[in-house]
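Report on one structure; see the data block that follows.
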Amino acid sequence: MSAFSTSPGTRDILAPDAARWRLFQEVFADVVEQAGYGYMIPPMFEDLGVFLRLGEATDVVTKEMYDFEDKGGRRVALRPEQTASVCRAFVQHRPTTPWKVWYAGPNFRYEKPQQGRYRQFDQVGIEVLGVEDPHLDAEVIALASQFYTRLGLTNVQLSINSLGDAGDRQRFADVLRIYFESHIDRLSEESRITLTKNPLRVLDSKRREDQAVIADAPRIRDYLSAQAGEHFAAVLAALDAQNITYTIDDRLVRGLDYYRRTTFEFVSTALTAAHTAIGGGGRYDGLVEELGGPATAGIGFALGLDRTLLACDAENVFPAPASRVFAFVVDTTGGLEAAKVCHELRSVGIGVDRAFDGRSMKAQMKAADRSGAMVSIIIGTNELEAGQVLIRPMNSGEQYMVERAQLLTAIRQEVINFQ
Ligand code: HAM
């Protein structure tokens with residue numbers, strides 16, 4: 001029988017990388033919890049209708065949804081992102097506003113798998129419901145930026161745009177439709193189809209044949225209402241006040257349809273692959289209403305964990321955390337002494353591992369090397385009889401003998417030496 005392996009676009013995240021993923025989430029939690037965001041865990045699947053609000057002309061909805069009928073005949077979908085779920089939860093639970101939440105976890109999109117693009121990918125993100133203040137837009141962006149700094153990333157660029165209010169968006173969409181229709185013969189087949197559904201999404205086309213027409217297309221900034229324009233100016237002023245650098249990109253429309261006013265994206269210039277967007281977000285005033293709730297402002301972002309770690313690799317920052325195993329017990333007397341030493345050290349919080357199955361001294365020393373431990377504790381027949389143990393720091397090789405009763409004190413001293 002042939003062995004199974006992971007489905008396309010999914011991966012096993014093994015040690016030590018999986019520890020790095022966990023640390024990534026812990027650092028994110030630290031950054032956003034100190035700004036008052038509470039952790040929430042939305043379900044992995046929801047009623048398909050929740051996700052249809054992401055936009056009927058978006059690839060996420062039309063091509064990439066993992067939707068199916070469950071055994072009870074319900075039409076459900078694996079979540080392709082978590083913003084819609086957060087808004088659904090807001091409508092369901094009606095928490096007091098401002099409601100500031102953060103989340104982490106996998107999402108599912110049936111995309112063409114490649115480097116930096118997976119069918120199961122992780123995000124960390126925040127959402128705030130019930131606040132219209134443009135200073136919040138800047139706070140949300142500042143938190144993403146602070147998190148990148150905590151990871152050690154320096155080659156991250158922020159692009160920002162305003163898509164205006166629903167009315168502005170509609171007016172702009174109408175103008176765009178007329179413009180693109182007058183150049184339809186110069187558009188790609190795909191963009192012609194997109195145009196019938198949502199002309200804004202044509203701006204997002206990466207196809208070479210569309211670029212000339214897109215370059216001369218009308219600009220959203222000329223269609224913003226006075227209020228949306230003022231809001232955007234206030235966001236930029238607040239970013240300036242916090243010394244956050246950005247580029248205004250009035251072609252930035254993003255891949256989901258719920259955005260209003262502020263939209264933004266973070267790109268890693270250290271990544272050379274096709275997928276350099278390591279995070280993005282924006283306002284989605286109106287989404288809560290569409291999900292059956294009261295008119296409520298909303299804003300947030302999600303950062304792609306998989307892709308951000310690729311950016312960390314490219315910049316050589318945020319390595320996997322070091323092994324938690326500080327000591328490795330090499331016991332050639334049958335293993336009982338190793339069991340006692342491990343129990344003793346672990347119960348006072350010192351990481352320790354050992355070999356099993358009565359392996360040879362040589363094999364156990366190799367295992368000690370592989371474990372990433374800083375010291376090995378060697379117990380042979382002579383040591384056992386003399387009531388002693390041999391301690392060998394892995395780097396210097398200067399081993400020394402201690403009384404068995406003094407082992408804990410000696411190891412504690414080694415922990416200090418290695419700090
Ligand atoms: P998004 O731009 O679709 O936005 O995804 C955010 C980030 O998730 C992307 O910048 C990218 O790093 C990562 N990502 C997306 N798809 C994949 C994939 N197939 N493989 C690997 N990484 C991927 C959202 O999801 C919105 N919910 C963000 C948001 C929150 N807007 C407001 N609040």
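Just so it is clear, the structure is predicted and the values come from calculations on it, not from any experiment. Read the numbers this way: they start at 1 and go in the same order the structure lists the ligands and their atoms.
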Salt bridge check, [Y] against [X]: does any charged N sit closer than 4.0 Å to a carboxylate O?
X	Y	result
R88	D47	no
D67	R75	yes
D30	R150	yes

Any donor-acceptor pair under 3.5 Å from Q157 side chain to T245 backbone: no
Residues around ligand 1, heavy atom under 4.0 Å from any ligand atom, sorted by chain and number. Can you pull those? E81, T83, Y103, R109, E111, G116, R117, Y118, F121, Q123, E127, R254, L256, Y258, Y259, A277, I278, G279, G280, G281, G282, Y284, G300, F301, A302, G304, R307
Show the atom names and distances, to 0.1 Å, of all donor-acceptor pairs under 3.5 Å that link a side chain in residues 409-419 to residues at least two apart or in another chain.
| residue | atom | partner | partner atom | Å |
| --- | --- | --- | --- | --- |
| Q413 | NE2 | N417 | OD1 | 3.1 |
| E414 | OE2 | Y400 | OH | 2.5 |

In terms of the angle between their ring planes, are Y148 and F266 parallel, tilted or perpendicular, with boundaries placed at 30° and 60°? perpendicular
